[in-house]
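Following: one structure in structure tokens, then a few remarks.
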Amino acid sequence: MDPVLGWFESRREELIEWIRGLVEIESPSHDPAAVNRAADYVTASEAGRATVERTETDGYGDVLQLTYELPGGGEDGQILGLGHLDTVYPHGTLQRMPFRQADGRLWGPGVFDMKTGVAYFLFAVRALRELNVACRQRRFVLLLNPDEEVGSPASRPFTERGARKSAATLVTEGALGLDGKVKTARKGGGQFRIAVEGIAAHAGLDFEAGASAVVEIARQIEQVAGWTDLAAGVTINPGVVRGGTTSNVVAEHASCDVDVRVPRLDQAAHLETRFRGLRPFDPRTRVTVTGGLRRPPMERSEGTVALYKLAKGLAHEMGVELGEAGVGGGSDGNFTAALGVPTLDGLGAIGEGAHSERESILAGRMCDRAALVAKLLAAV
Ligand SMILES: [Zn+2]
């Protein structure tokens, strides 16, 4: 058996226990103290193994940076690992969906997205050290962010700074599909808010004096929704609408929050221009647009493809066929890829049901996946 895979098979229970510990600390993005309890767990676990730096952020938990020396005294370079400790689940979710093992899976809030992925990085370093595997790079810097699920407003500069110093970025977000594809492309995304100010009037007595913000937002929605181009991978989703007060008043205010996804940077710039250029259909109303692209697309660059091929070869050594995919959702890997740093994402757990009651990972695929992360850390 592959020695790295063998190491993980022998540590399987320890790995599950570690994952359980982290899943059982609820860590919704909007509760800094809760996310910091997850960071405390990792800090305690890695004391003596890594140099730990914690930086407070404004409004979110700490950004946790762990720096590991890799065995083998390789080149003076570093690899960046990206993970996040926050989840989308509010407090109390554990009562409804406790951590458990059943049907060949581990279940629980955040087990797939992405607490198991965090465990893979930590255990990967342990495996490399105990097996004294000669690694190509000297350092592994792992950033565990507190705010990924809300678009990484506070941690983004840390991620970008880390990437600029690194030969490559590995991200252990969950894999795609139950065959465990890694992600070599991700759409970029953002949110725009279109707000309309009209003129209020009594719908019966004074209808013509009014200019309806609700009618205007409806026309704007129809227009921007028409910019969806499925063949090009561009999607526009007007997801939330607000407006008006009561039915006998011509509405003074209305707004719509629109989610946009694009596979390429130039499409993002084009959409940005189109949104900023929105003008009212009814000239008596005023239209304002705020927001923009939050994450640039992660394009399938040559560097990323090279990383994927490396990973595919390493997986093959363990008898695993590693596929790749492009996906709609973004991650912190989008930021590093946009800087031109080779980035491979979706290296984490194989499972499904992120952000839902079905969130679970395949227990039978834990060891080979964690071993793949370790082998990549050594080979990049
Ligand atoms: Zn995630």
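All ligand and atom numbering here is 1-based and tracks the order in the structure.
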Apply the test side chain to side chain contact (heavy atoms under 4.5 Å, CB included) to residues Leu5 and Cys367: give CA-CA distance (whole Å), side-chain angles for both, the deciding distance (0.1 Å), then the verdict.
CA-CA 6 Å; Leu5 179 57; Cys367 291; 4.0 Å; yes
Taking atom CZ as the centre, does Arg358 end up with more than 12 heavy-atom neighbours from other residues, nucleotides or ligands that are less than 6.0 angstrom away?
no
For the CD atom on Glu302, are there more than 12 heavy atoms of other groups (residues, nucleotides or ligands in this structure) within a distance under 6.0 Å?
no
About how large, to 10 degrees, is the angle OE2 of Glu173, then the Zn ion (ligand 1), then NE2 of His84?
80°
For Trp107 and Phe112, I'd like to know if the aromatic rings sit close, meaning centre-to-centre distance below 6.0 Å.
no
Please determine if the Zn ion (ligand 1) has an N/O/S atom from Glu149 lying under 2.8 Å away.
no
Verify the distance test for Asp113 against the Zn ion (ligand 1): any N/O/S atom under 2.8 Å, yes or no.
yes
